[in-house]
2 protein chains.
Amino acid sequence: MTNQFPSQLLENAVQALSGLPGVGRKTALRLALFLLRQDEAHVHSFAEAIVNFKDQVKFCRHCHNLSDSDECDICSNPLRDASTICVVENVQDVMAVEQTRQYRGLYHVLGGIISPIDGIGPKDLEIDSLVERVRAGGVSEVIFALSTTMEGDTTSFYISRRLEGLPVKLTAIARGVSVGDELEYADELTLGRSIVNRVAFNINPH
Amino acid sequence: MTNQFPSQLLENAVQALSGLPGVGRKTALRLALFLLRQDEAHVHSFAEAIVNFKDQVKFCRHCHNLSDSDECDICSNPLRDASTICVVENVQDVMAVEQTRQYRGLYHVLGGIISPIDGIGPKDLEIDSLVERVRAGGVSEVIFALSTTMEGDTTSFYISRRLEGLPVKLTAIARGVSVGDELEYADELTLGRSIVNRVAFNINPH
């Protein structure tokens, strides 16, 4: 046995699982042997759920949120206030704001934030489409709900410059969320208050 | 949006992933969104590796170790000493002993240990097949390499009674591995020494 593993099939499964973030080879082995103990139908539907998600999930053509169709449940909901757009970094942040039940407007998912260190510039994000949405009219307020980090502030600032001259009010969620904390880990009460108490966006707050 | 998730496909993927041991819904969401960022071929081969492992992996008909064929690489290796059988709880323990490079005999994987609390009795384990292997002849030594716990000791004791009267020497790995520790977490040096210094199995050590 030159190989550490008694089976190439096991080796392949461990290799696949250890490619997941935070999963080392020892954990991957435990997961593989756990799956081996489940019945066949369970393992097949496990794999199917992942493949179907990857193959079939769509991004909303308006806000780029994850969706089962071309238009997400939020954008297609006539009860939502279409005149307000909340700008967030990613899908988790949409879910975090939704859970507060304090917001009835729409979203715009950037797909990241400007981060020169990671090589992410404005062109890699859904910023052009946000400007387009605002330019198309009917939007009276854009709320920045980005993380209160250097990158988040830079992104809000960049977008505010791109929206300059358009008849739209720019606001940012209240800094009830402690500076430096990631949005998705904030407790619902704090995050909800940040949305209710949002303040006018100021290019030079200091 | 009555559902926390913006997409049923995402919900399904998160549900599948959170079924893994040690993976909560938040981690499952991160894993799902990580997989979404990978290219399609990667996700497909990820799922395939798991399904193929589950569907095609076999258990060696002699020692019940995992194998790609009916007979594992160890049992089919003519250079291994077929007169010695090392009894272990599971596949991870085979791998742990192999890594010490101190053992050239064969194995017998019980598939667990006797544990009344978990409802696991002798009939649930590969004990009959071990007795059969010894009875078939050609085996001069059976080494117990089970965890030094109440359950491990009970299992060794039970098997020793089943082998009574057969012309085979019973040994147990030296207790260099600290009592109460799981075999698979022992460092290679300690575990290797335990195998080299194995002692005669004594029904009443105290």
Side-chain angles (χ1 to χ4, degrees), chain A residues 1-17 19-23 26-27 29-36 38-40 42-58 60 65-69 72-74 77 90-92 94-95 98-99 184, chain B residues 1-17 19-23 26-27 29-36 38 40 42-58 60 65-69 72-74 77 90-92 94-95 98-99 184-185:
Chain A
M1 196 161 83
T2 51
N3 196 310
Q4 193 201 331
F5 286 93
S7 147
Q8 188 59 45
L9 292 161
L10 173 61
E11 164 81 46
N12 295 347
V14 167
Q15 198 120 38
L17 288 162
L20 295 172
V23 177
K26 205 131 201 172
T27 303
L29 177 62
R30 284 187 167 276
L31 296 180
L33 294 174
F34 168 83
L35 287 166
L36 186 62
Q38 312 307 304
D39 60 41
E40 205 170 298
H42 178 95
V43 175
H44 280 239
S45 66
F46 169 87
E48 250 166 52
I50 289 166
V51 167
N52 286 347
F53 169 59
K54 172 65 185 171
D55 290 354
Q56 295 171 25
V57 82
K58 296 183 173 65
C60 174
N65 189 12
L66 282 187
S67 172
D68 289 340
S69 57
C72 77
D73 290 348
I74 297 172
N77 185 346
N90 55 38
V91 175
Q92 288 104 309
V94 172
M95 289 165 57
E98 281 299 289
Q99 273 193 310
E184 65 175 299
Chain B
M1 196 164 79
T2 52
N3 196 311
Q4 191 202 331
F5 287 92
S7 148
Q8 188 59 45
L9 292 162
L10 174 60
E11 164 81 46
N12 294 347
V14 168
Q15 198 121 38
L17 287 162
L20 294 173
V23 177
K26 206 133 201 170
T27 304
L29 176 61
R30 284 186 168 276
L31 295 180
L33 295 174
F34 168 84
L35 287 167
L36 186 61
Q38 311 308 302
E40 206 170 297
H42 178 95
V43 175
H44 280 240
S45 65
F46 170 85
E48 250 165 52
I50 289 166
V51 167
N52 286 346
F53 169 58
K54 173 65 184 171
D55 290 355
Q56 294 170 27
V57 81
K58 294 184 174 66
C60 174
N65 189 14
L66 282 187
S67 171
D68 290 339
S69 57
C72 76
D73 290 348
I74 297 172
N77 184 344
N90 56 37
V91 176
Q92 287 104 308
V94 172
M95 289 165 59
E98 281 299 289
Q99 274 194 308
E184 65 176 297
Y185 297 117

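For chain A, no part of B:Q15 is nearby; none of its heavy atoms comes within less than 4.5 Å. For chain A, the nearby parts of B:F46 are the backbone and the side chain; heavy atoms of each come within less than 4.5 Å. Proximity to chain A involves both the backbone and the side chain of B:L10, based on heavy atoms less than 4.5 angstrom apart. The contact between B:E40 and chain A is made by backbone and side chain atoms together, counting heavy-atom distances below 4.5 Å. With a 4.5 angstrom heavy-atom cutoff, A:K26 touches chain B only via side-chain atoms. In this structure, no portion of A:V23 lies under 4.5 Å from any heavy atom of chain B.
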- A:L66 and B:L33: side-chain contact (heavy atoms from CB on, under 4.5 Å), yes or no, with the steps? CA-CA 10 Å; A:L66 282 187; B:L33 295 174; 3.7 Å; yes
- Query: Can A:F53 and B:N12 be said to form a side-chain contact (heavy atoms from CB on, under 4.5 Å), step by step?
  - Reply: CA-CA 8 Å; A:F53 169 59; B:N12 294 347; over 6 Å; no
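Top candidate by heavy-atom pairs under 4.5 Å with chain A, chosen from B:L31, B:L35, B:L20, is B:L20. Note: B:L17 leads B:V91, B:V14, B:L17 in heavy-atom pairs under 4.5 Å with chain A. Contact count against chain B (heavy-atom pairs under 4.5 Å) is highest for A:P21 among A:C72, A:A47, A:P21. With chain A as partner, the option from B:N52, B:T27, B:D55, B:V51 having the largest number of non-hydrogen pairs under 4.5 angstrom is B:D55. With respect to chain A, the highest number of heavy-atom pairs below 4.5 Å among B:H42, B:K58, B:E48, B:R30 belongs to B:R30.
Between the side chain of A:K54 and the backbone N or O of B:Q38 there is at least one donor-acceptor pair closer than 3.5 Å.
For the pair A:A49 and B:A16, the tightest heavy-atom approach, listed with the atom from each and the gap, is CB-CB, 3.9 Å.
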